[in-house]
Amino acid sequence: MSGKQIESQYDAVIVGAGAAGLSAALAYLAGWQGTRRPKLLVFSKLEALRSHTGSAEGGIAASLGNEEKDDWHWHYFDTVKGGDWLVDQDAAKILAQEATGTVVALEHAGVAFSRSQDGHIAQRRFGGHTSQFGKQPVKRAAYAADRIGHQILTSLWQQCVRAGVDFAEEWYVCDLALDPTGHSVEGLVALDTHEGHIHAIQASQVIICSGGAGRLFHTTSNSWDLTGDGMSLALRAGLQLEDMEFIQFHPTGLAHTGILLSEASRAEGGVLRNAQGEAFMGRYAPEQADLAARDVVSRAILEEVRQGRGVADPREPDGPKDCVWLDLRAISPEDLEAKLPQVAETIRFYAGLDPSRDLVPVKPTAHYMMGGIPISTQGQVYRWKDGCRQPIAGLYAAGECSCVGVHGANRLGGNSLLDACLFGHRSGLAAANQSQERDQRAGDNSRLERLAQERSQQLKELFAQAQAQQTITTKAADQAGRQGQERQEQQANAYQLIDRIGALLDRCLAVSCDADSIQSALEQIEGELLPAANKLSLSDPSKQFNQELTAILEAGNLALLAQCVLRASLNRQESRGSLFRRDYPQRNDQDFLKHSLLDMAGQRDWQDVHILDFPPGSRGY
Ligand SMILES: Cc1cc2nc3c(=O)[nH]c(=O)nc-3n(C[C@H](O)[C@H](O)[C@H](O)COP(=O)(O)OP(=O)(O)OC[C@H]3O[C@@H](n4cnc5c(N)ncnc54)[C@H](O)[C@@H]3O)c2cc1C
């Protein structure tokens, strides 16, 4: 199998082919002012159409007002309030104002939205979206049955193919190189997984759109590839990450798989029930009940379980009673098939249950990272130093790996596809606008070359060890039957390490935590798992499509991010949005109405929240 031939120098490279990466690519081409065609390459460690964006089910938020009267000011307010006031209001204003244009552009790109009776784009209710500044719920999420992400991903991808965007699929980006001053980008180091070779790619502009890091947890709705690579690249390049303590748990993960059952299932009439059959959400959130904010519903489920009203997965009746029921029986079979086909299929396929007759066991599942690589509203990455933002020339980010500040401490449903498409577009445009200036950059690439050499050396050693190990193992196995195999199994293995990180964070950080639980997890990460990640070895010496090799790189990224998330959670001594500290159960605006920034060495800093219109507790204009 031969890998794609790529060049060693590009005008722009994009890491990631989800909603953010594809939106950035299209905008970059549209905004390019040069007389020649730009050299643009999009990397994806998966085939582009397997990016996680394709799994998004419920909808994309925009105040189109097609079903009920709506206004972008209300969307703006809901976003700020939903983020528990940690939202940068300049960014949230752009999000709400430009949402309608973004959805219309998606429609023009080919997204087959579901339609209302009169032919407009149909909209459904999602938690936290209201009219009149919180007075009543409003239908704001534009949807395509329960497959909105699939529609967006395939439509944007088709537009990219039409525009001649060049993809390097199944290429794994391992390092980001900044120049020795740390203020300007040099390029990327990438592994061609087809061949097992390392390449150094010089680029005037780099846009990181590598998605989230749900695989930090064992129970997650995220696909296997979401190992936070882009965030970890930034950390290792000497940059900071922002607000990493905020991780959203979605209340309805299918028991013991974590697979998401969309919020749309409750929007269409589904109800959560405890072991006694009680629809308990009314006790926790009298107004919004089952459609209360995701952190409220997730904590309510854990409280029901704690008080002994949880249920076991019917597949393991003797297992832990750590779930509650999702009751979809009031939804007619016709509506289930028309509006929730994906949800119904997931329940049938993975749980063997019939959602029109059976109760479905669910529990909170790690879903979304609010924090990430800090960016401006133009998508430019910056370093926070001496109380101001120092932009990194030529470096951009967008989508779930980034933090523009629109989600604050908690994200509203439908706002992340919007964030990825809208700020993906803005970052692509900004990169294109700056291309002329950086195009002729003579460029010192010393850092890039050094990083590429170090990676090549690491791979060479891993392959050589695997080869040697295989010979020893075969001999030993020949000589002593099963002993050789057992010896090999005792060695650290990337998959087991990822499992251990996930189980640890599930236990010590998920949904609620305190200083003791965070400290004990941090000790294990720093004392055991991070060192183990740096010593992982390969058992299979093949160079082509060696998935164990990428798993080793991913395990290293996850261990590093786990440390960052734990440190950030420890630093924030309050409860806000998705972070619930049992030892500090109240929000503390006086000391913590600010964004956290952390680098790899654990150096922390704080940045003020941009407040324009809505101070904490505001009830609107
Ligand atoms: C099950 C599920 C349902 C959701 N439903 C909704 C919803 O209804 N509404 C909503 O607004 N949001 C929803 N979300 C969230 C939303 O889908 C994501 O936040 C958004 O799609 C992220 O887009 P992205 O472009 O940032 O990343 P992704 O779509 O995750 O793409 C990441 C890309 O980066 C590439 N990549 C990563 N690392 C590397 C590397 N090292 N080298 C090369 N390439 C790399 C991957 O190959 C991939 O192409 C949902 C999420 C999940 C998991």
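Numbering of ligands and ligand atoms starts at 1, following listing order. All of these numbers come straight from a predicted model, not from anything done at the bench.
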Asker: Below 3.5 Å only, please: the N or O atoms of ligand 1 paired with protein N or O atoms, distance on each line.
Answerer:
| from | atom 1 | to | atom 2 | distance (Å) |
| --- | --- | --- | --- | --- |
| ligand 1 | 5 (N) | E57 | N | 3.4 |
| ligand 1 | 8 (O) | G58 | N | 2.8 |
| ligand 1 | 8 (O) | G59 | N | 3.1 |
| ligand 1 | 9 (N) | G59 | O | 2.8 |
| ligand 1 | 11 (O) | G414 | O | 3.4 |
| ligand 1 | 11 (O) | S416 | N | 3.3 |
| ligand 1 | 11 (O) | S416 | OG | 3.3 |
| ligand 1 | 11 (O) | L417 | N | 2.8 |
| ligand 1 | 12 (N) | S416 | OG | 2.7 |
| ligand 1 | 19 (O) | E400 | OE1 | 2.6 |
| ligand 1 | 19 (O) | S416 | OG | 3.4 |
| ligand 1 | 21 (O) | T53 | OG1 | 2.8 |
| ligand 1 | 23 (O) | T53 | OG1 | 3.1 |
| ligand 1 | 25 (O) | A19 | N | 3.2 |
| ligand 1 | 25 (O) | A20 | N | 2.9 |
| ligand 1 | 26 (O) | E400 | N | 2.9 |
| ligand 1 | 29 (O) | T53 | N | 2.9 |
| ligand 1 | 29 (O) | T53 | OG1 | 2.5 |
| ligand 1 | 38 (N) | D229 | OD2 | 3.3 |
| ligand 1 | 41 (N) | V173 | O | 3.1 |
| ligand 1 | 41 (N) | D229 | OD2 | 2.9 |
| ligand 1 | 42 (N) | V173 | N | 2.9 |
| ligand 1 | 44 (N) | K45 | N | 3.0 |
| ligand 1 | 47 (O) | S44 | OG | 2.8 |
| ligand 1 | 47 (O) | K45 | N | 3.2 |
| ligand 1 | 47 (O) | L46 | N | 3.4 |
| ligand 1 | 49 (O) | A17 | N | 2.9 |
| ligand 1 | 49 (O) | S44 | OG | 3.1 |
| ligand 1 | 49 (O) | S51 | OG | 2.7 |

Asker: Using side-chain contact (heavy atoms from CB on, under 4.5 Å) as the criterion, list what pairs up with S298, not counting sequence neighbours.
Answerer: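 side-chain contact (heavy atoms from CB on, under 4.5 Å) check on S298 returns F249, P251, P364, V511.
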
Asker: How would you list all residue pairs meeting side-chain hydrogen bond (donor to acceptor under 3.5 Å, both in side chains) that involve residues 52-68, not counting sequence neighbours?
Answerer: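 Only H52-S55, H52-S223, E68-R125 qualify under side-chain hydrogen bond (donor to acceptor under 3.5 Å, both in side chains).
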
Asker: Check for me whether the distance between the ring centres of W171 and H199 falls short of 6.0 Å.
Answerer: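 Ring centres of H199 and W171 closer than 6.0 Å.
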
Asker: Please say whether more than 12 non-hydrogen atoms of neighbouring residues, nucleotides or ligands are located less than 6.0 Å from CZ in R115.
Answerer: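 Buried by this count: over 12 neighbours within 6.0 Å.
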
Asker: Do the ring planes of F545 and H194 sit parallel (below 30°), tilted (30 to 60°) or perpendicular (above 60°)?
Answerer: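 Taking H194 first and then F545, their aromatic rings sit tilted (interplane angle of 30° to 60°).
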
Asker: Can you name the residues that form a side chain to side chain donor-acceptor pair (under 3.5 Å) with E454, not counting sequence neighbours?
Answerer: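 Listed in chain order: R450.
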
